[in-house]
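Shown next, in structure tokens, is the structure this report addresses.
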Amino acid sequence: MKDSKELRSWLDGFDLDHPLVIAGPCSAETEEQVISIAHQLKNTDATVFRAGIWKPRTRPGNFEGVGAIGLEWLKKAKEETGMLTTTEVANPNHVELALKYDIDILWIGARTTVSPFIIQEIAEALRGTDKIVLVKNPVNPDLALWLGAVERFYEAGLHNLGVIHRGFSTYEKTQFRNNPEWQIPIDLQNSFPNLPLILDPSHIAGRRDIIYDLCQTALDLNYDGFMIETHQDPNNAWSDPKQQITPDNLRKITSRLQIRDSEGKGIEYKNQINTLRTQIDIEDNKILEILGKRMKVVDAIGILKKENNVAILQTKRWNKILKKMIKEGEENNLSEEFILRMYKAIHQESIIHQKKVINED
Ligand code: PEP
Ligand code: MN
């Protein structure tokens with residue numbers, strides 16, 4: 001798959017003056033619920049209506065979606081409000097029904113993206129259509145698997161594509177339902193700057209109160225839009241009640257967001273940013289120079305250890321360095337987490353260096 005403007009032509013065609021907003025309930029529950037939410041969304045920035053019809057549930061026994069009947073409700077919502085519609089498809093049968101009911105955009109769920117076999121089957125079922133397909137990230141933090149799924153659609157002739165970042169599973173408990181791992185979508189954006197990138201803050205957060213912050217972070221990283229679960233009575237939703245917001249709340253959230261210009265205009269801005277970037281380049285060079293010097297000392301220690309037959313790894317000494325650096329970091333406004341990550345990387349490189357020194361001659 002080659003990065004080109006073609007990938008985003010469907011989005012550019014919407015000609016929006018704000019990020020794309022896809023909103024609607026986690027699940028279609030009843031006809032009244034679908035139609036009422038769709039009408040309430042007319043007072044917001046949302047132009048695409050979402051609703052899950054077939055719900056992939058982690059454990060059996062939970063609400064698994066209303067099934068094909070919900071497609072009639074989506075069709076009606078589109079006719080009454082003019083919004084486009086989108087739903088999740090997870091097998092060729094879903095695709096066939098979604099095509100029959102003229103669903104405009106299909107999304108691929110996180111649990112489906114992990115399986116190249118299923119992705120290939122869905123891609124084959126869509127071959128010959130010009131559907132817009134949005135691929136959610138796989139549940140595990142694996143960029144190649146995510147991109148691989150997008151490529152399978154591209155190779156099946158589907159060139160109206162996009163990706164949805166909905167966070168990644170971890171066994172560890174964090175403040176998120178699904179860890180954002182921002183570096184993964186950033187890496188993806190660096191390789192495919194034209195592939196539309198949409199944030200799903202609802203499934204990252206798993207709760208309502210951080211949706212705004214997640215959306216602002218995404219805009220600061222040049223995301224193209226959002227998919228936000230929206231329900232007329234979130235607390236009583238049949239699935240994902242904690243993370244859904246009302247259409248009114250959605251309007252409040254999107255109106256507070258600061259939309260950044262991806263390039264920045266104005267000569268004054270350009271001059272200032274160039275000056276600051278030059279300063280950053282100078283500081284970056286200094287960092288590498290200092291690390292190079294530090295590594296020379298590390299090599300000298302390696303030789304000394306070899307001459308005295310001492311083990312490379314000296315845990316006590318290492319823990320002492322870490323403690324001291326965390327404190328110094330604090331004084332320089334650097335978080336403990338950052339210091340730990342940075343020193344871990346430095347330590348690994350130092351061990352590689354010393355091993356090399358010891359094995360030499
Ligand atoms: C959803 O969007 O409701 C959904 C099930 O999402 P995910 O595939 O990201 O879990
Ligand atoms: Mn959901």
Side-chain angles (χ1 to χ4, degrees), residues 20-29 33-34 37 41 46 48-67 70-71 73-74 85-91 94-95 98 103-115 118-119 122 132-142 145-146 149-150 153 162-170 176-181 184-185 188 197-208 210-211 214-215 218 223 225-246 250:
L20 175 71
V21 179
I22 303 171
C26 176
S27 305
E29 298 166 5
Q33 173 242 18
V34 165
I37 299 173
L41 284 170
V48 182
F49 182 76
R50 68 150 276 158
I53 301 292
W54 301 284
K55 299 305 298 177
R57 305 318 300 267
T58 303
R59 310 206 36 199
N62 292 320
F63 174 59
E64 296 197 324
V66 291
L71 295 169
W73 309 340
L74 282 180
T85 52
T86 180
T87 198
E88 172 176 350
V89 289
N91 62 41
H94 294 166
V95 169
I103 301 292
D104 301 286
I105 300 176
L106 305 179
W107 92 73
I108 306 299
R111 294 162 192 79
T112 306
T113 308
V114 292
S115 169
I118 302 271
I119 291 292
I122 297 174
I132 302 167
V133 180
L134 304 178
V135 181
K136 286 203 175 193
N137 65 254
V139 282
N140 54 324
D142 185 339
L145 194 57
W146 193 3
V150 179
F153 287 107
V163 289
I164 301 177
H165 172 212
R166 52 77 81 194
F168 302 87
S169 285
T170 51
F176 304 103
R177 176 176 175 195
N178 290 294
N179 223 14
E181 309 276 9
I184 294 180
L188 184 140
L197 173 56
I198 291 164
L199 182 81
D200 171 348
S202 310
H203 290 88
I204 291 179
R207 51 191 239 239
R208 292 184 256 282
I210 53 173
I211 287 181
L214 287 166
C215 288
Y223 279 49
F226 311 112
M227 178 189 262
I228 304 180
E229 286 189 338
T230 313
H231 194 285
Q232 87 287 10
D233 182 10
N235 286 334
N236 291 308
W238 297 3
S239 58
D240 290 349
K242 289 204 187 86
Q243 69 195 32
Q244 305 208 54
I245 58 173
T246 59
L250 175 72

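In each ligand, atom 1 is the first atom listed, and ligand 1 is the first ligand listed. The shown structure was predicted, so the numbers you read here are calculated from the model rather than taken from an experiment.
Regarding atom 6 (O) of ligand 1, its nearest protein heavy-atom neighbour is Lys136 NZ, 2.9 Å. Of all protein heavy atoms, the one closest to atom 8 (O) of ligand 1 is Ala110 N, 2.9 Å. Nearest to atom 4 (C) of ligand 1 among the protein's heavy atoms is His203 NE2, 3.5 Å.
Asn235 and Pro241 get closest at one heavy-atom pair: O-CB, 3.8 Å. Residue Lys136 comes nearest to Thr113 through the heavy atom pair O-OG1, 2.8 Å, listed as atom of the first residue, atom of the second, then distance. Scanning both residues, Phe176 and Asn179, for their nearest heavy atoms gives CD1-OD1, 3.5 Å. Between Ile103 and Leu106 the shortest heavy-atom distance is CG2-CD2, 3.8 Å.
Side-chain contact check for Cys215 versus Ile228: some heavy-atom pair is nearer than 4.5 Å. Residues His94 and Thr112 are not in side-chain contact: their nearest non-hydrogen atoms beyond the backbone lie 4.5 Å or more apart. When side chains are defined from C-beta on, Met227 does not count as touching Ser202, because their heavy atoms never get closer than 4.5 Å.
With Arg50, Glu88, Arg166 as candidates, the residue nearest to atom 9 (O) of ligand 1 on a non-hydrogen basis is Arg166.
Backbone and side-chain nitrogen or oxygen atoms of Asp240 are examined, and none is located within less than 3.5 angstrom of a nitrogen or oxygen of ligand 1. Here's the thing with Glu229: one of its N/O atoms is less than 3.5 angstrom from an N/O atom of ligand 1.
At a cut-off of 2.8 Å, measuring from the Mn ion (ligand 2), the protein N, O or S atoms that fall short of it are Cys26 SG, His203 NE2, Glu229 OE2, Asp240 OD2, waters left aside.
A distance-only check finds a donor-acceptor pair linking the side chain of Asn137 to the backbone of Arg166 [under 3.5 Å]. No donor-acceptor distance shorter than 3.5 angstrom exists from the side chain of His203 to the backbone of Arg177, with no hydrogens or angles considered. For Asp200 (side chain) and Ile164 (main-chain N/O), no donor-acceptor pair under 3.5 Å exists by modelled atom type.
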Check residues 48-64 and write down every donor-acceptor pair under 3.5 Å in which the side-chain atom is one partner and the other belongs to a residue at least two apart or another chain.
unit_1	atom_1	unit_2	atom_2	d
Arg50	NE	Pro25	O	3.1
Arg50	NH2	Cys26	O	2.8
Arg50	NH2	Glu229	OE2	3.3
Lys55	NZ	Cys26	O	3.1
Arg57	NH1	Phe63	O	3.1

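By the 4.0 Å heavy-atom criterion, Gly52 is excluded from the residues contacting ligand 1.
Those atoms of ligand 1 with a heavy atom of Cys26 less than 4.0 angstrom away are 3 (O). Per-residue contacts place Gly109 under 4.0 angstrom from the following atoms of ligand 1 (heavy atoms of the residue considered): 8 (O).
Under 4.0 angstrom from ligand 1, the non-hydrogen atoms of Lys55 all belong to its side chain.
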